[in-house]
Amino acid sequence: AITEKFEGVVRRLRGKAIITEKNVADAMREVRMALLEADVNYAVVREFVKTVEKKALGADVLKSVSPAQQFVKIVHDELVELMGPVEPGIPQPDSPTIIMLAGLQGSGKTTTAAKVASYLLRKGRRPSMVAADVQRPAAVEQLKILGGQLGVEVFSGEGKAPDICVRAVERARLVGTSDVILDTAGRLHIDEEMMMEVKDIARRTEPHQVYLVCDAMTGQDAVNSAKAFDEELSLDGVILTKLDGDARGGAALSVKAVTGKPIKFIGVGEKLDKLEEFHPDRMADRILG
Amino acid sequence: FRRARQVDAAFLEELEEILIGADVGVETTMSIAEDLRRAARDTGTADPEELYGILKRDVESRLRKGESDVTLADSSPTVILVAGVNGTGKTTSIAKLAAYYMGQGKKVLLSASDTFRAAATEQLGIWADRIGADIVRHKMGSDPAAVAFDACEAAAARGVDILIVDTAGRLHTDSNLMRELSKIKSVVARKIPGAPHEVLLVLDATAGQNAISQARNFKQAIEITGIFLAKLDGTAKGGIVVAICDKLGIPVKFVGLGEGADDIEPFDAELFSRALFE
Ligand SMILES: Nc1nc2c(ncn2[C@@H]2O[C@H](COP(=O)(O)OP(=O)(O)OP(=O)(O)O)[C@@H](O)[C@H]2O)c(=O)[nH]1
Ligand SMILES: Nc1nc2c(ncn2[C@@H]2O[C@H](COP(=O)(O)OP(=O)(O)OP(=O)(O)O)[C@@H](O)[C@H]2O)c(=O)[nH]1
Ligand SMILES: [Mg+2]
Ligand SMILES: [Mg+2]
């Protein structure tokens, strides 16, 4: 863990009144390694290390705290500041509130759509879901089964995804659904046709919230897809999935750094109640290992 | 990058950015850099093409540990067990493998042994219909090992050449699910001598360092014989397989290049190594 690595480097700080350039450089090298091993993007790490180095230099070594601990605190606090702040919950300015999920193949969108529905049910809302993935075999069936488990209506239909979504929203207004969750097909950010489709869905349904669903084990590529989805859809937030594993989750920092959009929730299991609100301090601990 | 004349600090920094950016990871990147530094010093070369060649061959040699072909069993059926964490592309990769072998005139049977996830067997069923492969399915919630057992019996009875077993996505850190997976493997092993002949771990090309942990845990549980690297048609380079093959000796056997049944290629270490630097 990073504290142990710091202990070695910073043992030499004992008895010193301030943190000097040389011992900061050594400590920053350890931080850089830890962040890269945690899958934080290369360029994001470079910027982060520069920022933290400035904060550490000239910082007084507190008498009551070991220099190693203070170093970790500076790094930890900077991580928390970068990944926060968090506005808990899903804003609901209107009825129905339209929530759209998008992201790469297999990131967890369909499961997350049902988890969001479950979350809203627990808040006393009456959500419905839209099976707008018309290309993956049995995708509609998958969402219908999940909807059945929750007692939540799943709208599906014939034709293209944007048309299905438009019809679903119209129906939601008629029946008084409080929230409409659009589950879209997984797609590559470099697939022009698919990016046009998801943009079309957003243009025609005007979602109040657009969330990127991103797999926590994603490596250096996280910034590429996040940036592209943000540029095309103007995201309102990010949901990081599969955090019940042992992925350090550096993608969280990368995605936040490159889009500036808040991480709203994390997926911590396959069951539909496994959606938690995002806590930057817990994520910082996890990334630092 | 290809214009570098010497292995100096600037060159190494650029190399590091390329390799780490490709998810090769810090440890393996430093090892490759060290190899290059030593080779440059020993040969005294200043030719950029030669340096680039040394580099590419170094990466390639790390990828060539282990057997990168799938050896079909002497007696039918050859059994291929497919596993991996959630959403990496197992079910779709199985459809691709089935189509690949059917294209070689082989008779293929699929075992829909993901009895947990919503619409998992329906998904594989649709693929089976599309490509004309045979399939054994039970209903959702049934014992996955029982499905595999029945599929083994059907494979023998129907004179199938290749049996491919789909399993539910599972986190390598979930000991109950990993135990379930080894049980599926034992059942297949007891039913068909020599089975499973191949155990493929499907990895998502966008995965970072966690894929090493996945490979390690799955290897311990069910002895992975090869990797199917899916979603390589994205912008991720999948460089994590360099670290995995180097450290754990598990070779990549196939890559997935899209969502269709023919979006599969046998792994080519030279092509992959070259693509890392492009
Ligand atoms: N362990 C764990 N598994 C998850 C989590 N979220 C989703 N999954 C699993 O990940 C796999 C993929 O989930 P899906 O919901 O089908 O992913 P998707 O993004 O809709 O996939 P596509 O529609 O094909 O792009 C499934 O096996 C899910 O059960 C999570 O938070 N933890
Ligand atoms: N672009 C691209 N997408 C792929 C590739 N392989 C699989 N996919 C997509 O990834 C998503 C997940 O694929 P699945 O085959 O359902 O993955 P899985 O590992 O079986 O998922 P679980 O059973 O839920 O763990 C689907 O949308 C597939 O179409 C690939 O090589 N390229
Ligand atoms: Mg889906
Ligand atoms: Mg599957």
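Below, read A as the first sequence line, B as the second, and so on, with proteins coming before strands; counting in each chain starts at 1.
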Ranking B/K231, B/K237, B/M140, B/E16 by heavy-atom pairs under 4.5 Å to chain A gives rank one to B/E16
Find the one option among A/E141, A/R248, A/R136, A/K242 whose heavy-atom pairs under 4.5 Å with chain B are most numerous. A/R136
Counting only heavy atoms closer than 4.5 Å, note whether B/S213 contacts chain A via side chain, backbone, both or neither. side chain
What part of B/E27 is in contact with chain A, defined as an atom under 4.5 angstrom from a non-hydrogen atom: side chain, backbone, both or neither? neither
Under 4.5 Å, heavy atom to heavy atom, which residues of residues 187-200 of chain A contact chain B? A/L188, A/H189, A/I190
Non-neighbouring partners of B/R170 that pass salt bridge (Lys or Arg N to Asp or Glu O under 4.0 Å), sequence neighbours left out: B/E180
With a 6.0 Å cut-off on the ring centroids, do B/F267 and B/F228 count as close? no
A/L143 portion near chain B, given a 4.5 angstrom heavy-atom threshold: neither
Would you call the rings of B/F218 and B/H172 parallel, tilted or perpendicular, taking 30° and 60° as the class edges? tilted
Using every non-hydrogen atom in the two residues, find where A/P127 and A/L121 come nearest and quote the distance to one decimal. CD-CD2, 3.7 Å
Report which part of A/E270 has an atom under 4.5 Å of a heavy atom belonging to chain B: side chain, backbone, both, or neither. side chain
Can you tell me which portion of A/D244 sits under 4.5 Å from chain B's heavy atoms? Options are side chain, backbone, both or neither. both
Let's test your reading of the structure: which of A/T241, A/D221, A/T110 forms the most heavy-atom pairs below 4.5 Å with chain B? A/D221
Which of the residues B/A120, B/A119, B/A211 is involved in the greatest number of heavy-atom pairs with chain A at under 4.5 angstrom? B/A119
Check each atom of B/T92 against the heavy atoms of chain A and say whether the ones under 4.5 Å are side chain, backbone, both or neither. neither
Is a side-chain donor or acceptor of A/S254 paired with a backbone partner of A/N41 at a separation under 3.5 angstrom? yes
If you tally heavy-atom pairs under 4.5 Å between each of A/A247, A/G106, A/P137, A/G186 and chain B, the highest tally belongs to A/P137
Portion of A/D246 that has a non-hydrogen atom of chain B nearer than 4.5 angstrom: both
Please determine if B/K90 and B/D204 form a salt bridge, counting it only when a charged side-chain N lies under 4.0 Å from a carboxylate O. no
Checking the side chain of A/D285 only, and the main-chain atoms of A/L288 only, is there a donor and an acceptor separated by less than 3.5 Å? no
Under the salt bridge (Lys or Arg N to Asp or Glu O under 4.0 Å) test, residues paired with B/D233 that sit two or more places apart: none
Between A/S107 and A/D215, which heavy-atom pair has the shortest distance, and what is it? CB-N, 4.1 Å
Got a sec, which residues hit salt bridge (Lys or Arg N to Asp or Glu O under 4.0 Å) with A/E231, two or more places apart in sequence or on another chain? A/K227
Quick check: are there more than 12 heavy atoms from other residues, nucleotides or ligands sitting under 6.0 Å from NZ of B/K56? yes
